[in-house]
Every structure is written in structure tokens, then in C-alpha cells.
Engineer: 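I have a structure I would like to understand better, so I am pasting it below and will then ask my questions one at a time.
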Amino acid sequence: MSTLHLKYFAMNSKVIIALLLVLLNTSCNKNIQDADLIITNAKIWTANTSQAYAQSMAISGERIIAIGVGSGILKHKGAQTQVIDLKGKFVTPGFIDSHVHLMTGGRSLLNVDLRDASTPEIFSKRVGDFASTLQKGEWILEGNWDHTLWGGELPHKDWIDKVTPDNPVLIMRLDWHMALANAAALAYVGIDKNTPDIEGGTIEKDANGELTGILKDNAMNLVMDNMPAMTPEQKNNAFEAAQEYFLSHGVTSVHDVDGFNKDFESFSTAKKHQDEKNLKVRIYAATPLNEWERLKEHTHQNDEWIKIGSLKGFVDGSLGSHTAAFHDHYSDKEDDKGFFLNHEQELYGWISEADKANQHVMIHAIGDSAIHTLLNIYERVIDENGKRDRRFRIEHAQHLAPDDIKRFKELGAIASMQPYHAIDDGRWAEEYLGSERIKTTYAFRSLLDADAKVVFGSDWAVAPASPILGIYAAVTRRTLDNRNPDGWVPEQKISVLEALRAYTIDAAYASFDENNKGSLEAGKLADFVILSDDPTQVDPVQLKELQVLQAYVGGVKMFDISN
């Protein structure tokens with residue numbers, strides 16, 4: 001072969017090789033999925049233990065298709081891909097609030113607000129001012145008052161009767177275990193001074209036997225079960241207000257403990273919003289425990305936005321209302337140990353039958369006696385029905401007997417807790433419990449050290465549905481009155497990352513959703529939040545100042561602080 005032919009062959013070989021490489025690259029690129037959205041130059045905390053942090057994330061449709069470091073993610077950039085440079089902003093999985101009352105919370109945004117009413121005079125004026133905006137016969141509800149703010153005296157119907165002659169009133173203490181009804185509301189449902197207490201509840205009377213208007217726990221049902229139901233319009237307004245509120249706090253999923261409750265349910269309204277393409281927050285809806293048979297008829301309707309899958313019940317009441325059940329008496333009231341709202345055997349029957357039907361059980365228990373009894377029931381049901389992945393939950397789990405802490409891990413029970421309550425109740429809880437029992441109250445550190453699964457929520461509207469405030473509370477335990485700068489029961493503090501897990505991947509676990517959301521990984525739903533600062537780097541005292549800048553659900557921006 002001549003020199004000329006050799007040169008010609010060499011040149012063409014290079015061309016052929018180059019063409020083959022182009023064709024191969026084109027073929028490979030056809031297998032690379034174009035993203036709808038790419039996030040770059042971010043500090044992404046993934047909640048994925050095998051890849052804790054990333055810089056970039058590619059999203060197609062509702063799901064993440066790639067996440068990692070460097071510029072490799074840009075291979076998913078197509079002609080229509082939106083690329084957002086976050087300039088180092090902190091990204092976290094969308095927050096999951098594991099315990100909300102969605103419809104009543106939404107309604108509270110549209111009703112009278114008594115949360116910070118600090119005197120009886122302010123209390124009365126706010127109720128009267130709100131009544132003046134209503135039509136005759138319209139009810140005044142929610143309120144969420146806190147009698148500790150004015151010294152501990154319970155409100156009296158006389159405070160509001162004169163300013164609400166034409167409007168029935170049922171306004172709740174912020175824990176929803178005690179309410180104040182005015183004369184119009186009591187008359188509407190036929191409660192008078194001769195009406196007896198009901199099991200699991202009390203109708204308060206003064207020294208002369210006259211009604212004060214205070215109803216505790218099950219006694220509140222005498223009014224709530226007989227007042228007018230929310231209209232479709234009222235439900236729609238409450239639901240929309242709740243959605244926007246959640247998103248403004250970075251909450252992209254909620255466990256609605258009243259979600260399939262006939263009185264407060266969010267399910268039908270959520271389905272309506274879903275049909276209208278206006279559902280913005282994912283919902284795990286609970287059914288009342290005693291209606292466990294009703295639940296099995298509806299689970300086929302579940303999807304990634306709305307899921308009916310849990311049963312909510314009660315053992316006892318609340319600390320602030322002296323209705324949480326304890327082994328020993330309250331420190332400020334020697335003849336009072338609180339009480340159970342349902343009999344132990346009745347609770348066992350419901351839980352056992354529901355468990356046999358493979359249903360998910362989540363039960364409210366606050367006092368140490370209530371928690372101990374519930375753990376005993378869970379243990380008995382596991383022994384009788386056999387071991388499986390059931391993920392029993394204890395809602396609140398506030399005041400623990402030390403010996404019961406290790407039982408959470410042993411029984412696979414989830415402690416579903418609300419850290420904001422700790423910095424609220426911490427202002428006065430020692431007066432009710434004494435110095436010894438508070439050592440294991442809101443015992444986040446002790447439970448985590450015992451390898452228990454701890455998940456966080458708010459109990460909204462009892463407390464703000466703000467994971468930022470919840471993280472601040474769990475990390476600092478600085479009470480709302482600023483009297484505990486080093487933290488109330490400081491040995492129970494936890495780290496920012498532990499608190500973040502409790503609001504993300506572990507909260508997803510608490511609804512059997514950890515393979516679908518709760519962390520930012522390829523294949524999972526693209527629910528994420530952009531924060532103003534990195535919570536792991538700021539002074540813990542400044543955590544509460546962090547802002548949610550944007551919230552995305554399924555890759556769609558649902559909230560932007562600048563709008």
C-alpha cells in the first residue's frame with residue numbers, strides 16, 4: 001500500500017471512529033431522561049443515610065430522577081428543562097406533620113383567636129368584637145384560649161354572655177380537652193344545672209351548683225354532637241385556608257387525625273380539590289378507632305395524594321385540663337389522678353379487632369398511666385395476633401414512666417410527639433407533676449437513646465403547624481416565657497438533624513410511606529422545601545428565625561414567600 005493510501009486510510013479511520021462515537025453517544029443520550037426541573041448549586045440535605053448531602057437534583061413529573069454532586073445532573077437538561085441555581089440555599093425534604101386536626105385548624109384561621117389573650121378583659125372583648133361581625137344564630141367556635149396566661153382562673157360564661165346574646169359559643173382551650181360554652185349554646189343543646197356528668201367528662205359547676213360554662217373532655221360532645229354541621233362552603237373555606245397555611249410553613253404532607261371522622265373529616269373536601277386539580281398537600285386520613293370496620297371499605301381509594309389508612313382513638317385527656325391519667329395524683333391536687341376517656345377492655349377490643357384486619361392504630365395517651373396501659377394493650381395484641389410490621393403509634397406520649405421508655409423499641413411502637421408542646425407546657429408543668437416526674441416528660445433524648453422511633457407533628461390548631469418552631473423547641477427546649485434559657489429539662493434536648501429526621505423520613509415511616517417520600521432520592525416524590533439558612537449551622541437560639549422561602553410538592557412550586 002502506498003504512503004498516500006496509508007494516510008488516506010488513517011484519516012478515514014479517525015473519521016469513522018469519530019462518527020461511531022457520535023452515534024454511540026446519541027444512542028446513549030436517547031436513554032437519558034429529560035428533566036422538567038433541575039435544581040443546582042444547593043445544599044441539599046437528603047435524609048438518605050447513604051448520601052446525606054447533594055448539590056443538584058433533577059425532577060421529571062412528580063418524581064426525582066437523579067440527585068448528586070457536581071455537574072453530572074445537567075445531562076438531564078433538555079430543551080424545555082427549567083434550571084434553577086439556588087446559590088447555596090439549604091434544601092430539605094418536604095416536612096411531614098404527623099398530627100394535625102385539618103378542618104378545625106382551618107376553621108380556627110377564620111374564627112376568633114384567643115391564643116394570646118392575656119386577661120379576662122381581652123378575652124371578652126375579642127369574643128364580643130367577633131360576634132359583632134356575625135349574623136344572628138351563627139356559632140362562634142375554636143378560640144384556643146390558655147387560662148395560664150392570666151393566672152390560671154378558668155373562664156366563665158358570664159365573661160361572654162352579655163356580648164353574645166344571639167350567637168351560641170363553644171370556644172376551646174388550646175389543648176381541645178376543655179371548652180367554654182355560653183348560655184346560648186348550653187340552651188341550644190339542653191344542658192342545665194341538673195344535667196349529670198357523663199363518663200369520661202365533667203360539666204363544671206360553681207359552689208352554688210350553677211353552670212360555669214366549662215365542659216371537660218367527653219362532656220364537650222354534648223354540644224359538639226348536637227350543633228349544626230359544617231356546610232360544604234365552610235368546609236371548603238377551612239380546607240383552603242389550611243392548605244395555604246401548611247405550605248407557608250413548609251409542610252407538604254399531613255397526618256390528619258380527624259381526616260375520616262364524620263364530624264370533622266377532610267377526606268371529601270380533599271377529594272373535591274383533587275378532582276379540580278387544586279389539592280396541594282398530601283393527606284394521610286384517620287378514622288375513629290371505634291369505627292374500625294368502616295375503614296376497610298375505603299382503602300382501595302388510596303393514592304399518592306390522599307390515603308385513608310389509620311385509626312385514631314383516646315386513652316386519656318390532657319395535662320392542662322387535669323384529665324391526663326397518671327399513676328400518682330397531680331402535685332397541685334391530691335385527690336386527682338386524671339381519668340381514662342375509654343375503658344381499658346373496650347380499647348383492647350377495638351385495637352385487637354382492628355389489628356386482625358391489618359389496620360394501622362394510633363392512640364392518644366398523655367399521662368404515664370395511660371401510656372403504660374396502652375403499651376400493655378399493644379403487647380397483648382402482638383402476643384395474640386402474631387408479629388408483623390404493624391407500626392403501632394402512641395400519639396403525644398408526653399409523660400413517661402422511666403421503665404416504659406425501653407418498651408417502645410421492644411414493641412415497635414412509634415412515639416408521635418409534638419415538641420412545641422414542651423416549650424408551652426414547660427411554663428407550668430412542674431407545678432402539676434413535681435420535680436421528679438418532669439425528668440421523663442417530652443423525653444425525646446431518652447426515647448432516641450433507647451432506639452425508639454420518634455416522629456414529630458404539631459397537633460395544630462393546638463399549636464402552630466410550624467416544623468421550624470418544632471425543631472427549635474426540640475433542640476433548645478427554651479420555654480415560651482423565656483424563663484429557661486438553657487432549656488427546660490435540658491437533658492432531653494436533641495440535635496437539629498435528629499429533629500429533621502422526625503419531620504421527614506421517620507414521619508414518612510409512621511404512615512408506611514418511607515419508600516415513596518420523606519427523603520430526596522431518585523424514584524421518590526419531589527416534595528422539598530427551600531430554607532433561608534442551614535439549620536445545622538445557625539445558633540440554636542436563632543432556629544426559630546429561619547424562613548421557608550419556597551415549598552414544592554410533586555415538583556411543582558406551591559409556595560413562594562416572595563408572592
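Everything numeric here is computed off the predicted structure, so don't read it as measured data. Nothing fancy with the numbering, it's 1 onward along the sequence.
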Engineer: Against D217, only a single residue in L341, I198, D316 fulfils side-chain contact (heavy atoms from CB on, under 4.5 Å); can you say which?
Structural biologist: L341
Engineer: What I'd like to find out is whether the side chain of M178 reaches to under 4.5 Å of the side chain of L154, using heavy atoms alone.
Structural biologist: yes
Engineer: I need the minimum non-hydrogen distance between E199 and N218, along with the two atoms involved.
Structural biologist: O-ND2, 3.0 Å
Engineer: Kindly write out the residues that satisfy ring pair (Phe, Tyr, Trp, His ring centres under 6.0 Å) with H249, not counting sequence neighbours, or none if the list is empty.
Structural biologist: Y245
Engineer: With a cut-off of under 6.0 Å to the ring centre and 45° to the axis, is R477 in cation-pi contact with Y442?
Structural biologist: no
Engineer: I'd like to know whether the aromatic ring centres of W176 and W460 sit less than 6.0 Å apart in this structure.
Structural biologist: no
Engineer: Under 3.5 Å, sequence neighbours excluded: what are the donor-acceptor pairs made by side chains of residues 136-143?
Structural biologist:
| from | atom 1 | to | atom 2 | distance (Å) |
| --- | --- | --- | --- | --- |
| E138 | OE2 | Q135 | N | 2.6 |
| E142 | OE2 | R107 | NE | 2.4 |
| E142 | OE2 | R107 | NH2 | 2.8 |

Engineer: Treating D258 as the side-chain partner and H101 as the backbone partner, does any N or O pair qualify as donor plus acceptor under 3.5 Å?
Structural biologist: no
Engineer: Between K439 and E436, is there a side-chain N and carboxylate O pair less than 4.0 Å apart?
Structural biologist: yes
Engineer: Would the distance check show the side chain of D256 and the main-chain N or O of L102 forming a donor-acceptor pair, the cut-off being under 3.5 Å?
Structural biologist: yes
Engineer: Between the side chain of T440 and the main-chain N/O of L400, is any donor-acceptor distance below 3.5 Å?
Structural biologist: yes
Engineer: Does the distance from a Lys or Arg side-chain N to an Asp or Glu carboxylate O, for D146 and R115, drop under 4.0 Å?
Structural biologist: no
Engineer: Say you draw a straight line from CG of D206 to CG of L211; how long is it, rounded to the nearest 0.5 Å?
Structural biologist: 8.5 Å
Engineer: Could you check whether any side-chain N or O of N221 sits under 3.5 Å from a backbone N or O of M224, counting only pairs where one atom can act as donor and the other as acceptor?
Structural biologist: no
Engineer: Is a donor on one side and an acceptor on the other found under 3.5 Å between the side chain of D368 and the backbone of H327?
Structural biologist: yes
Engineer: Determine the minimum heavy-atom distance between I414 and R391, stating which atoms define it.
Structural biologist: CD1-CB, 3.9 Å
Engineer: Salt bridge or not between R393 and E395? Use side-chain N to carboxylate O under 4.0 Å.
Structural biologist: yes
Engineer: For F260, is the NZ or CZ atom of R294 found under 6.0 angstrom from the centre of its six-membered ring and inside 45 degrees of the ring axis?
Structural biologist: yes
Engineer: Going from CG on L114 to OG on S108, what distance comes out if it is rounded to the nearest 0.5 angstrom?
Structural biologist: 11.0 Å
Engineer: If you measure from the Lys or Arg side-chain nitrogens to the Asp or Glu carboxylate oxygens, is any gap between D513 and K307 under 4.0 Å?
Structural biologist: yes
Engineer: Does anything in residues 196-229 pair up under ring pair (Phe, Tyr, Trp, His ring centres under 6.0 Å), and if so which pairs, sequence neighbours excluded?
Structural biologist: none
Engineer: Below 30° counts as parallel, above 60° as perpendicular, anything between as tilted: where do the rings of W428 and Y432 land?
Structural biologist: tilted
Engineer: Name all residues meeting the ring pair (Phe, Tyr, Trp, His ring centres under 6.0 Å) criterion together with H273; count only those two or more places apart in sequence or in a different chain, and write none if there are none.
Structural biologist: F239
Engineer: Do any N or O atoms from the side chain of T195 and from the backbone of D192 form a donor-acceptor pair under 3.5 angstrom?
Structural biologist: yes
Engineer: Under 3.5 Å, is there a donor-acceptor pair linking the side chains of T269 and S266?
Structural biologist: no
Engineer: Can you see which heavy atom on A270 is nearest to which on I283, and at what distance?
Structural biologist: CB-CD1, 3.7 Å
Engineer: When you compare the side chains of D336 and H322, does any donor N or O come within less than 3.5 Å of an acceptor on the partner?
Structural biologist: no
Engineer: Are a donor atom and an acceptor atom from the side chains of D459 and Q418 found within less than 3.5 Å of each other?
Structural biologist: no
Engineer: Indicate yes or no for a side-chain donor-acceptor contact from Q234 to the backbone of T231 under 3.5 Å, with no hydrogens or angles considered.
Structural biologist: yes
Engineer: Work out which heavy atom in V251 is nearest to a heavy atom in V281; give both atom names and the distance.
Structural biologist: O-CG2, 4.1 Å
Engineer: Please determine whether a side-chain nitrogen of the Lys or Arg among E121 and K125 lies less than 4.0 Å from a carboxylate oxygen of the Asp or Glu.
Structural biologist: no
Engineer: Kindly write out the residues that satisfy ring pair (Phe, Tyr, Trp, His ring centres under 6.0 Å) with F456, not counting sequence neighbours, or none if the list is empty.
Structural biologist: F444, Y503
Engineer: Is the shortest side-chain N to carboxylate O distance from E430 to R437 below 4.0 Å?
Structural biologist: no
Engineer: Minimum heavy-atom separation for G313 and L289, please, with both atom names.
Structural biologist: CA-CB, 3.8 Å
Engineer: Quick test of your reading of the model: are D197 and K205 salt-bridged, counting only N-O distances below 4.0 Å?
Structural biologist: no
Engineer: What pair of heavy atoms forms the shortest contact from A465 to D97, and how long is it?
Structural biologist: CB-OD2, 3.8 Å
Engineer: Please name all residues satisfying ring pair (Phe, Tyr, Trp, His ring centres under 6.0 Å) with H364, sequence neighbours left out, ordered by chain then number.
Structural biologist: H177, F314, H396
